[in-house]
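Basis for what follows: all heavy atoms, side chains included, without hydrogens, waters or symmetry-related copies. Quick caveat, the model's predicted, so the values are computed rather than measured.
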Amino acid sequence: MGAHGSRESSHGPSGGAHRGGGRSGSGRPGGRPGGGGRQRFVFRRRKFCKFCDEKIEYIDYKDVRLLQGFIPERGKILPRRISGTCSKHQRLLMRAIKRARMIALLPFTAE
Amino acid sequence: MAHYELIWIAVPTLPPEEVERIGQGLEAAIKEMGGTLLKAERWGKKRLAYKVRKHEEGYYTYYLIEGKSTAVDEAVRRIRMNDQILKFLSVRVDLEALTQAASRRPPREDREPAAARFPGEDEAAQGGY
C-alpha cells in the first residue's frame, strides 16, 4: 500500500529477538504426511539448503542478487518447502529480505 | 567496539553538492560522538523497488561505523530531522560475519568507495564491496 516514510525504518540490534512472531512449526491440523492419526514422520523435502551447503552464517540484506532468487514474480518470500532452505537460514533469509524491502532494494509486492 | 551499518537515501532531485553537504553533516556528527567511519560509500542514484514519496529513484549512501550506539543514534536523530532523506536503515552488524559475507561475493564495479575522502581517518580498506 502506501510507502513507508523514513520515520518507520528500524533501528536497533539485529539480534532478531524483537522479530518474534507467531511462527509455528508443523503443528498444523490435517494435511500431515502419513495421514491423520498415524505416527509416521516423513521428511518430504530432501532438497538441500544452499546456505548450509556453502556454510554461510550471515545473509546480507544488501545482496540483492542473492535475495532476488528467493522472491519470485509477486515479490513474496518463497516458503521453505519450495526453496529447500533449512529453518535457520530461512529465518536469516527472511530477515534479510525484509530489511532490503525497508530500504527499497526489494519490493514488497510486484505488479 | 560495536559495528553498525547505516544506509540513507536522499531525494534524487538534489544536486550532488547538496547530498554531499548532508553527508558531511552526518559524518561529523558520528565523529563527534566518538564513532569512526570505517567505510563510506556513495551508491549514487538507484532505482527504488517501489515509489517513495512519488520518487522512483533515490540517492543511496552507505556507512560502516565503529563505535558506541550513541554515535549512530545521533546520526539517526539528524536523519529523521531532515526532510530530504527519504529512508534510512541502521543495523548492528557483526564484523566477522559481514566481511565473510562480503568476501564471498564478487566485488561490484559500480560502487564508489569514498576512501579518498578520509585520508587520515579511514582505518580499514576492507575488500571491495
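Nearest heavy-atom pair across A:Ile103 and B:Leu89 is CG2-CB, 3.6 Å. Residue B:Ala49 comes nearest to A:Pro107 through the heavy atom pair CB-N, 3.3 Å, listed as atom of the first residue, atom of the second, then distance.
Side-chain contact check for B:Val91 versus A:Tyr61: some heavy-atom pair is nearer than 4.5 Å.
Around atom CD of A:Glu54, more than 12 heavy atoms belonging to other residues, nucleotides or ligands sit under 6.0 Å away. Heavy atoms from other residues, nucleotides or ligands lying under 6.0 Å from CD of B:Glu96 number 12 at most.
Here the CG-OH distance, from B:Leu98 to A:Tyr58, works out to 5.5 Å after rounding to the nearest 0.5 Å. Atom CE of A:Met102 sits about 8.5 Å away from atom NZ of B:Lys87, to the nearest 0.5 Å.
No chain of hydrophobic side-chain contacts below 4.5 Å, direct or via other Ile, Leu, Val, Met, Phe, Trp or Tyr residues, connects B:Met33 to B:Leu37.
The parts of B:Leu48 that come within reach of chain A are both its backbone and its side chain, each placing non-hydrogen atoms under 4.5 angstrom from that chain. A:Leu105 touches chain B through backbone and side chain together, each having a heavy atom under 4.5 Å away.
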If you apply the rule side chain to side chain contact (heavy atoms under 4.5 Å, CB included), what do you find for A:Lys62 with B:Glu5, and how did you get there? CA-CA 11 Å; A:Lys62 304 187 290 292; B:Glu5 288 182 316; 2.3 Å; yes

